[in-house]
Amino acid sequence: MTDPSQERPSRSENFWTARETALSWFLTTDHKRVAVLYALTLIATFALGSVGAAIVRLELITPAGDLVSAEAYNRAFTLHGIVMVFFFLVPLIPATLGNFLLPLMLGAKDLAFPRLNLASWYVFVIGAGLAVAAIAMGGLETGWTFYTPLSSVYADGYVTLAILGVFVSGFASIFTGINFIVTTHTLRAPGMGWFQMPLFVWGMYATSLVMVLATPVLAVTLLLVIAERAFGIGVFDPAIGGDPLLFQHLFWFYSHPAVYIMILPALGVMSELVTAGSHNRIFGYRFVAFSSIAIAVLSFLVWGHHMFTSGQSMYGGIVFSFLSFLVAVPSAVKAYNWAATLYKGRITLNTPFLYALSFIGLFVFGGLTGLVLASIAVDVHVHDTYFVVAHFHYIMVGAAVTAFMGGLHFWWPKITGRLFNESLGRFSAVMLFLGFNLTFFPQFVLGYLGMPRRYHEYDPDLQIWNVLSSAGVPMLAVGYGLPLLYLGWSLKIGEKAGRNPWNAAGLEWTTTSPPPEHNFPEPPEWEGPAYPYPVGETEEPQVQEEAQPKPEREA
Amino acid sequence: MKRAADPSGLDPFEDAATRLKAQRMGMWLFLASEAMIFAGLFVSIAVVRVVWPDGAVEASARLDKGIGTANTAILLTSSLLVAIGSAAAKAQTPRKGLVAAAFAGAAGLGLAFLAIKTGIEYRHEFHAGLIPGAGPAFPIDTPGAELFFNLYLAATGLHAIHVAIGAAVLAGAALAVWRGWLKLPANAPEVEFCGLYWHLVDVIWIFLFPVLYLVN
């Protein structure tokens, strides 16, 4: 912005190098370092979950169960599901980008409870460790949903240990949620009202509400499964007086909102990427902000659409179908507002913006197929088929992880002080989009043709679609793996980034890159609207070669 | 929780009032998440009552209303003590002896609650075969009755764990105030938060008691 300096801050002013011992990392209360700790942990869990996915897709290349046994297959997709959902997707954006950016965007020194933040990482690592131990000792075959009575009566393997791991990691989620809500309320920079906050903060705030209120319900549900397995307190097993449907109600009361824990932060990231990528103020700020809250509230009211075929009353099904349709309204509000923001924007097709564009495509397509599933009659046809698998991968992986990748590239210069290789970045973004669609679009067809999920053998007529789907995996691997390489390289050979390489608005761009230990040399203040674009017109754009000069817009 | 702005930067707050506001909000959010843990169980019990009303009534009749009422009285008295202690901690001239005594008394009542619950009530129910274990088979055939009892055990068991944690917190707070580790009035909010947790434990019981014991 006004600061023309390109220099990296001196070592003592930089949060990476301010304290250098290993112990200073493990005892850090700096939200930026906790974010880095989380990021490294999540790379490991993502790798582990990918192994499960790779086994599943390899097995399904042929219709016969020839690569692994049925039981090993069950354990592979269970590994994939549990690790990816509970130990990767749920913490992904809040614990990494959220931890790093929330205080910076609000102009705060740190989160409200710095030690609680560090504690959340330790709790998460302990939970993940328990689950990984369960997998290392032989795994389990319940699927990530732990449906009873399979999980409570029939399943062998280390169900209790894995459930305990998920239970423990839930506290990490609750701690993060409490921390974010309190920080948003109490640590905004002077002058920053609720409607001057970046929309990423709104997304985090809505996510945190869901985390604090939904996670405990999962916790108690899992406790009940443990109680049933360990002490014979029959809550779900009909043989000892229980009711298996009760589990599904309790489980989906958390796990449907959990899907929004995965996507709401992504929607927040998107609002930042779209405004910065089009150098335009967001269209309909309040609508975008409130739509996050609306999605969070609605998320608690739609769990029954997982149970259209589970012996729920017809009227219950109709109500849940209607409520599920309602979620499309705030989601569409966001998509339309992004489109309106792009209109007449000064668009630069840089890496983060490419990710943003592919996000919009994947999110809209995943969302529309969600409407298909919310319609009772159609859902009965595609229930528990690959159609469902494809739908939730479009939202939870296609949209959420793509938004994360876009956010990671967008804030990478801020986090590390270095620029990455743009060509490789664009190539990876395109590979991710193509690879993702090649992997998961055929699964919609498979599901529509009737291939059930979780089967390791199938009708040979369906092979072509399965081969196509598996062929997407290597492309996806490039899309996810290549950034690791060039982002890693950028740490050594990357050009120095300066404070604001994208000419973006927001308090995080006013401090040095990487930020000093307490974020800002002087406590910042905020004036004016949330996205005061255009920004830094006098500065030479450093990354966006394709920027077209446009007549200056009214600020 | 540091009082003064410290050079290590651990404290992100510029002034004490905002810090206190944040701490109070954090505490209430934590209590909300605790309440949601029990909400799942309450809803499950409500479902049993709606779907199998006969089983719920028959099972509830086997619970000892006398013991339940006595335990309710014990917890309400303990909450009164905690309220007295919190008020004394916040007073203009705090009386640390009164705070410590009230909290210690409340912790003692918590232990009495646990002794009655596990030593008398659970033991009787176990011998009647009402709760699972190596005792006799479950005696009621009506659908829903066994689920009602299992949920009763899960809910009151989880509550008992909270009572134990709460009693330990109160005892710790009493000791810390008495020995001067928590200084009054500077640490009055921390003392108040320990009391708030106990009130939550109490309030959950106030809901559990009618939902479980007074079904007809």
Side-chain angles (χ1 to χ4, degrees), chain A residues 18 29-31 103 108-116 170-171 173-175 177-179 181-183 185-187 190 208-209 211-221 223-224 227-228 231-238 240-243 245-247 249-251 253-254 517-519 523, chain B residues 1-2 5 7-15 17-45 47-48 51-52 55 59 131-134 137-138 140 143-155 157-158 161:
Chain A
T29 53
D30 185 338
H31 64 100
K109 275 206 289 193
D110 206 319
L111 288 168
F113 308 117
R115 279 181 287 201
L116 188 69
F171 287 97
S173 222
I174 295 174
F175 291 170
I178 291 178
N179 226 334
I181 294 175
V182 174
T183 305
H185 274 272
T186 56
L187 283 171
S208 303
L209 288 175
M211 282 175 161
V212 170
L213 296 178
T215 315
V217 180
L218 177 74
V220 73
T221 311
L223 274 186
L224 290 173
E228 186 161 306
F231 310 114
I233 302 173
V235 179
F236 308 123
D237 175 12
I240 42 178
D243 178 5
L245 267 188
L246 192 58
F247 177 86
H249 280 294
L250 289 171
F251 180 83
F253 184 80
Y254 164 78
E517 217 183 348
H518 302 306
N519 293 351
Chain B
M1 281 161 231
K2 304 241 168 175
S8 72
L10 201 61
D11 182 356
F13 295 101
E14 303 292 335
D15 62 289
T18 320
R19 184 185 306 116
L20 181 61
K21 183 184 164 197
Q23 288 168 351
R24 187 161 281 147
M25 184 181 282
M27 185 66 197
W28 279 103
L29 284 169
F30 168 68
L31 294 180
S33 77
E34 281 274 17
M36 284 303 285
I37 286 197
F38 284 90
L41 288 165
F42 276 117
V43 172
S44 305
I45 295 166
V47 166
V48 174
V51 179
W52 299 283
I131 57 181
F138 191 78
I140 313 173
E146 190 171 2
L147 181 54
F148 182 92
F149 247 98
N150 286 335
L151 286 171
Y152 154 81
L153 180 63
L158 192 62
I161 293 171

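All chains are named by letter (A, B, ...) in the order of the sequence lines, taking the proteins before the strands, and each is independently numbered beginning at 1. It should be emphasised that the depicted structure is a prediction, and the values quoted were computed from it without experimental measurement.
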Quick one: OG on B/S33 to CE on A/M211, what's the gap to the nearest 0.5 Å?
13.0 Å
So for A/F236, is it side chain, backbone, both, or neither that comes closer than 4.5 Å to the heavy atoms of chain B?
neither
Would you indicate whether the side-chain heavy atoms of A/V217 and B/V43 approach each other to under 4.5 Å?
no
Hey, what do you get for CD1 (A/I178) to CE (B/M27), rounding to the nearest 0.5 Å?
9.5 Å
Select one option (side chain, backbone, both, neither) describing which atoms of B/I131 are under 4.5 Å from chain A's heavy atoms.
neither
Begin from the C-alpha positions of A/K109 and B/F13 and carry the test side chain to side chain contact (heavy atoms under 4.5 Å, CB included) through to its verdict.
CA-CA 8 Å; A/K109 275 206 289 193; B/F13 295 101; over 6 Å; no
Under a 4.5 Å heavy-atom cutoff, which of A/I240, A/L250, A/I181 has the most pairs with chain B?
A/I240
Do the non-hydrogen side-chain atoms of A/V235 and B/L151 ever get within less than 4.5 Å of each other?
yes
Ranking B/A32, B/G40, B/S44 by heavy-atom pairs under 4.5 Å to chain A gives rank one to B/S44
For a 4.5 angstrom cut-off between non-hydrogen side-chain atoms, does A/P114 reach B/P12?
yes
Residue part contacting chain A, namely of B/A22, when any heavy atom lies under 4.5 Å:
both
Passes side chain to side chain contact (heavy atoms under 4.5 Å, CB included), A/V220 versus B/L158? Steps please.
CA-CA 9 Å; A/V220 73; B/L158 192 62; 4.1 Å; yes
Gap between atom CG of B/D11 and atom CZ of A/R115 - 0.5 Å precision:
9.0 Å
Report, as yes or no, whether the 6.0 Å neighbourhood of atom CZ on A/F231 holds more than 12 heavy atoms from other residues, nucleotides or ligands.
no
Heavy-atom contact with chain B under 4.5 Å, split by part of A/L246
side chain
Bottom line for B/W28: the part with an atom under 4.5 Å from chain A's heavy atoms is neither
Is it the backbone or the side chain of A/L213 that comes under 4.5 Å from a heavy atom of chain B, or both, or neither?
both
Given that the side chain runs from C-beta out, which part of A/L116 has a heavy atom under 4.5 Å from chain B: side chain, backbone, both or neither?
neither
My understanding is that only one of B/L147, B/V51, B/V48 makes a side chain to side chain contact (heavy atoms under 4.5 Å, CB included) with A/D243; could you say which?
B/L147
Heavy-atom distances under 4.5 Å only: say whether A/I233 touches chain B with side chain, backbone, both or neither.
both
I'd like to know which of B/P132, B/A39, B/G157, B/P143 tops the heavy-atom pair count under 4.5 Å against chain A.
B/P132
Given heavy-atom pairs under 4.5 angstrom as the criterion, report whether the side chain, backbone, both or neither of B/F148 touches chain A.
neither
Donor-acceptor pair, side chain of B/N150 and main chain of A/G232, under 3.5 angstrom
no
Between A/F253 and chain B, which part of the residue has a heavy atom less than 4.5 Å away: side chain, backbone, both or neither?
side chain
So which of A/N179, A/V212, A/L187 has the biggest tally of heavy-atom pairs under 4.5 Å with chain B?
A/L187
Measure the CE-CG distance between B/M36 and A/L218 for me, rounded to the nearest 0.5 Å.
11.5 Å
